[in-house]
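The structure appears below as structure tokens.
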Amino acid sequence: MDFGFVILVEILYAVASLALISAGLAVVFGMMKVINLAHGEFMMLGGYAAITSANMGVNIFIAMLIIAPIVVGLIGLIVERLVIRHLYGRLVDTMLATWGLSLFFIGCATMIFGNTTTGISTPIPGFAVGDYQINGYNFFIIIVSVVLILAMLAVLKTTRLGLIARGTMQNPDMASALGYSPDRIYMATFFVGSALSGFAGAILAPLVGLVPTSGGAFIAKAFITVIAGGPALISGLLSSSALFGFVGQVFSFVASPVIGDVAMLIAAVILLRLLPQGVTGRFFKGKL
Amino acid sequence: MKLNRRKFLATTAAVAAAVAVPSISLAGDTIKLGSVLDTSGGFDAYGKPMNMALQLAVEKINADGGLLGKQVEVIGYDTQSDMALYTQYAQQLVRQDKVDVVHGGILSASREAIRQTMRKSKTLYFYNVLYEGGVCDRNIFINGVTPAQQVEALVPYAMGKSGKKVYILAADYNYGQITAEWIKKYVAENGGETVGLDFFPLDVSDFGSTIAKIQSVGPDLVIAPLVGAAHLSFFRQWAASGMKDKIALASTTMGVGNEHKVLNAAETDGIMVAYNYSQDIDSPANNAFKANWEAAFGDSNSIHEIAVSNYQGVLTWAEGVRAAGSLDRDAVIAALETGISIDGPGGKVTVDPKTHHAVLDVHLMEMENQGMRVVKTLSQRQPIDTQAVCDLAANPNDNTQYEIKF
């Protein structure tokens, strides 16, 4: 019974962390169609922003929840102005440019922080469920992800800003004709996307530690989740992270974490063979 | 040694010129010690202190009057954590620089990349790193701790402090697999039982499911030969789940690259390890070593196990040259094979003539406040794993890395 609860928490945690990792990419790639290969590096920078400010004495929750997204959002803003804005609509070119960016960020982080592992301890203690101990931080990640998804849903669905952003992504010429500047809206959306990546990186940093090349570990999972999710932003993100998180974690328990990752990739291949447009290409059509 | 492109070109040009000009006046002025270490890139946490230790050892030799009346000169290359550069720089050391001895290599892959080059060119080679054991080659001397030396001491101690049911978490490559075999063997010999064994590739960093699985099995002790930055998160997540006070934890790798200084005291306190060196060893040799280190580099915080191995390796070689009275490879090997010892920071180190490995002190330690407190010292442990498969006295032409079977 207790063990069942532990497994349930671990599965929820796997789903939540997948959603968290992929949220930024869902905005930048799913909405804006920019293949951001530097997504992992944005996460890595978020982690460093959080750890550096926490080491300077800032409260760790403020560092993770506020400082990291703002810092990475601003970095994203600069990147958008200098590089990305010249490349909208050129899918392959964005891939090349952002790959270069990822190498650049890894180099910068190596110069500043050194090629060694840094990390901070998780700020929440573990607790007991019956005979088992659970990492309290897993609950924090689950809660944060739920709040994040709800917030994204609320912004996109109920605010005028969200409506304008979605409209612009669908048809920039029409948005322009209605008096909105697509240039500005793209800029703001990219800022949000990068901030979300930085946020995810900061939240995960205490759990896994950080080296300048940490980003590489997230990028594949993020792309698989977003692509398998399909065109609908939120429901796609939720359905694919639920599926992959579940499959991956169940196989991790039954066999080992390696088999878990393999199972997740096989699930992705089968899914894309059956539903080439992603989950929301078939189900939840037209939903957000 | 820092090497940028300009310096590199200048050095190569100078060496090329020295080779091209038929002048023998330059040769023989100094003894050339070649060094190849990763002092940048992913393994620099290991390589940088190793390189510092090498500089210290050479300074000490020169301050004591050098060897055979000559000063020792270091010709060092930074292999940048890139295995391809090892072969390149090894060729350069033996063909162009014509060094008298080579110390270096960190990962087992880097050692195997250059071992044959050294053997073919008859250049004496020292590999000064804790590793998986089994290398049998008359041209190489190895003075790191091997799994049996560590595990033989660690397992009975850790089981004595906890209990008989042991769960093993190991890195999924030759070091982890071989070490796990040794752990299983010693657990059985000490009347215990291995209740679980999991291997993890070097990039696994999420151990949540593993920690739950361990609890469902309920061992008394977890032994973790985990390697590298990603695996470090296991120790963090173990502590974060509050497991640290429930199940005892031992490791054969934790702290080799000073990992316990990246984690905090609450996460590492109480982890049991066994190595040749701890900064907390209170011996005249270690105190002098630490004082020298501080004088040269500011603070002695970065000293770790394999930095000391490198230091002891250089001193062992120097002792061999002194005893041989010559730089000739075969003369030095013969001198080393008489079973020479030195007194290093980690205790007495003796060359084992049969295997060219080291007989050395193994200290059982517990992590405490980001240091390693020595609990017990087992003096002069034999490299029994390699001894079981390798006898260079009987087969001097052997040139294999044996996988030790049980």
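Letters go in sequence order (proteins before strands), and every chain restarts at 1.
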Roughly how far, to the nearest 0.5 Å, is the [atom2] atom of [Y] from the [atom1] atom of [X]?
X      : Y      : atom1 : atom2 : answer
A:Q133 : B:I214 : CD    : CD1   : 13.0 Å
B:S216 : A:Y132 : OG    : OH    : 5.0 Å
A:Y13  : B:S209 : OH    : OG    : 9.5 Å
A:S256 : B:L197 : OG    : CG    : 11.0 Å
A:D261 : B:D203 : CG    : CG    : 8.0 Å
A:T122 : B:E267 : OG1   : CD    : 6.5 Å

Taking [options] one by one, which has the highest count of heavy-atom pairs under 4.5 Å against chain B?
options                        : answer
A:I7, A:I120, A:I11            : A:I120
A:L207, A:V258, A:I124, A:V211 : A:L207
A:G136, A:G216, A:G126         : A:G126

Of B:D206, B:L232, B:T210, B:D198, the largest count of non-hydrogen pairs under 4.5 angstrom with chain A goes to B:D206
Per-residue tally against chain A (heavy atom, under 4.5 Å) across B:A240, B:S233, B:A239 peaks at B:A240
Would you find more than 12 non-hydrogen atoms of other residues, nucleotides or ligands less than 6.0 Å from [X] atom [atom1]?
X      : atom1 : value
A:F251 : CZ    : no
B:F297 : CZ    : yes
A:F104 : CZ    : no

The interface call for A:Y137 against chain B, heavy-atom contacts under 4.5 Å, is neither
Turns out that what part of A:P206 lies under 4.5 Å from chain B's heavy atoms comes down to backbone
Closest non-hydrogen atom pair, [X] against [Y]:
X      : Y      : answer
B:V262 : A:T118 : CG1-CA, 4.3 Å
A:F253 : B:A212 : CE2-CB, 3.7 Å
A:P257 : B:F200 : CG-CE2, 3.5 Å

- Would you say the side-chain atoms of B:K213 pair up with the backbone N or O of A:A255, donor to acceptor, closer than 3.5 Å? yes
| said: Test side chain to side chain contact (heavy atoms under 4.5 Å, CB included) on A:V208 and B:Q237; report intermediate values, then the result. | reply: CA-CA 8 Å; A:V208 293; B:Q237 290 166 17; 4.1 Å; yes
